[in-house]
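Notes follow once the structure below has been shown.
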Number of protein chains: 2
Amino acid sequence: MIIEYALIFVNEIRISFLYNGGRRIPYRKLVYSMTSKKEIMAYLKQEILSLELKPGAMISETALSERFQLSRTPIRDVLKQLALEQYVDIYPKKGNLVSYIDLESVEQIIYLRNVLEKEIMKSLAGNFPLKGLHMLKDNLAQQQRCIEQEEGAEVFLQLDDQFHRTMFGLAGREFLWGVLQQFNVHYIRYRKLHMLKDEKLAAIRQEHQQLLDYIVQGDTARIDELVHHHLRADIDSKNLQEHFATYIKK
Amino acid sequence: MIIEYALIFVNEIRISFLYNGGRRIPYRKLVYSMTSKKEIMAYLKQEILSLELKPGAMISETALSERFQLSRTPIRDVLKQLALEQYVDIYPKKGNLVSYIDLESVEQIIYLRNVLEKEIMKSLAGNFPLKGLHMLKDNLAQQQRCIEQEEGAEVFLQLDDQFHRTMFGLAGREFLWGVLQQFNVHYIRYRKLHMLKDEKLAAIRQEHQQLLDYIVQGDTARIDELVHHHLRADIDSKNLQEHFATYIKK
DNA sequence: GAATCATATCTTGTATACAAGTTCATTCTA
DNA sequence: TAGAATGAACTTGTATACAAGATATGATTC
């Protein structure tokens, strides 16, 4: 981007202006370094979801303020938003804690996904767009590769999300995928703690494959039962309670 | 509440303390007047949902600040939260506007409710708790009364919400009702603009009655089609576009 | 007269000082 | 020594001054 500029001093005091394609912008703008609020937000979210920041960990405003070289005000904005999305619990005058994993929320969200996907896949059954078929088959191939080369559950889960998201998109329900995303802090961390073994991954991929087949064939009845099984299968909160008791909300 | 107090001056300067049942509280606490953030929040939400604050209306921080006698900081907190729940759109350095009604969102949320309720009612079919039956029958009676005495759509819609909410509760899905609530700014305002006529209300009540019957009988098949019809029935965005074009998001 | 520039006046964004609540360790007192 | 009182050192909450962007209006310049 080419910037024509003109430095103009007014009243011997005022700050001069730069001109960018006729548009006037303050000089300071260019000097700005800064990590923006959005970046900080994304960064913290990532740290919380990956469990680097453990449930119950305290994140104080002043600490973040120093770390990101920003005043407390914008930091507070970020924390407020994280609280609304349940990444963080704010205890007034005490501190901000990374939220504990709420198994109730996990169960409810899984149920919601379950119900929604069943309906979405049934609506896709029969009249399935060809383009979508390619995307999903490609995704399944990647899942296969991921398993064979043992790239780990992390990568696989991303592919899994992409698979389901594509389904939502094809049915014109991307909006609802977004709704789900806003409530899955607990679900994502829960899923991560399960540390799925490879055999399990293979089984999941197999089910994905089957689902796709049923949809193409238009076999709504079998979709019904398989979706139900697909999402329920890996709930095992007892195991979780034992090993990660300190992460769980009481 | 009885307060024992002791005024203690330290260093001739420090502010004294009050004692409330052994608990130490600062003196200033009692002098605090103030409408709290929560109250302001509720107030603004009500004004927006009732369309007193029209979509597109500007609500500036300084204006609110003067109105509620609070500094901009807490006001900003409130606006941030309202923005996250889509009551308000924030345009940086320009202003905060009451959000326009987003028909896409309305359609998606109706679909979501549709799908969820179908599943929930089916799960209730057959094994319906007696207590719930009483509550719902009572609600239906109130709906009847509301129609006969022409108390208006406003009251009826509240009863309608209560009816559906009770269903969610009985199925142990209150959490998901909460999820829906967080996304229904557009839906509620949309519904309000329809200004349902009395015949329509009667029809809706009739359907509620029928739904309850089917559930008690355990007739899942008919639940399926009726729920579908029940929520779809009053979508008529063409009419809306004509009369309230300025309220709608483009 | 038209286009550009300057400025006043709005808006929200940020930094910062201070207020207020919590917690904990220390001091004082009985 | 036990227990209450006190203060220091945290935390977040609020008020406020100022920065920065947007916008409209009037001045300047050609």
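Excluded from the calculations below are hydrogen atoms, water molecules and symmetry mates; all remaining heavy atoms, backbone and side chain alike, are included.
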In whole angstrom, what separates [X]'s [atom1] from [N]'s [atom2]?
X       : N      : atom1 : atom2 : result
A/Leu64 : D/dT11 : CG    : P     : 11 Å
B/Gln69 : D/dT16 : CD    : P     : 11 Å
B/Lys80 : C/dT12 : NZ    : P     : 11 Å
B/Lys94 : D/dA20 : NZ    : C1'   : 14 Å
A/Leu97 : C/dT22 : CG    : C1'   : 13 Å
B/Phe68 : D/dG13 : CZ    : C1'   : 19 Å
A/Leu79 : C/dT14 : CG    : P     : 14 Å
A/Arg72 : D/dA15 : CZ    : C1'   : 12 Å

Do the side chains of [X] and [Y] get close enough for a salt bridge, i.e. N-O under 4.0 angstrom?
X        : Y        : result
B/Glu85  : B/Lys45  : yes
A/Glu154 : A/Lys192 : yes
A/Glu107 : B/Arg173 : yes

Counting side-chain heavy atoms from C-beta on, which of [options] comes nearest to [X]?
X       : options                : value
B/Pro74 : C/dA15, D/dA15, D/dG13 : D/dA15
A/Glu61 : C/dT14, D/dT14, D/dG13 : D/dG13
A/Thr73 : D/dT12, C/dA15, C/dT22 : C/dA15
A/Met58 : C/dT11, D/dT11, C/dG13 : D/dT11

Inset, instruction - Starting from the 5' end of DNA chain C, give me the residue, A/Ser71 or B/Asn96, whose nearest nucleotide shows up first. - result: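 Looking at DNA chain C, the more 5' nearest nucleotide goes with B/Asn96.
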
With respect to the phosphate group of [N], does any side-chain polar atom (N or O) of [X] fall under 4.0 Å of OP1 or OP2?
X       : N      : result
A/Lys37 : C/dT14 : yes
B/Arg76 : C/dG13 : yes
A/Lys93 : D/dC10 : no

Inset, instruction - Please test A/Asp160 against A/Arg191 for side-chain contact (heavy atoms from CB on, under 4.5 Å), starting from the C-alpha separation and ending with a verdict. - result: CA-CA 12 Å; A/Asp160 179 88; A/Arg191 208 172 55 171; 3.9 Å; yes

Legend entry - Pair A/Ser65-A/Arg76, side chain to side chain donor-acceptor pair (under 3.5 Å): steps then yes or no: CA-CA 9 Å; A/Ser65 171; A/Arg76 275 174 65 77; over 6 Å; no

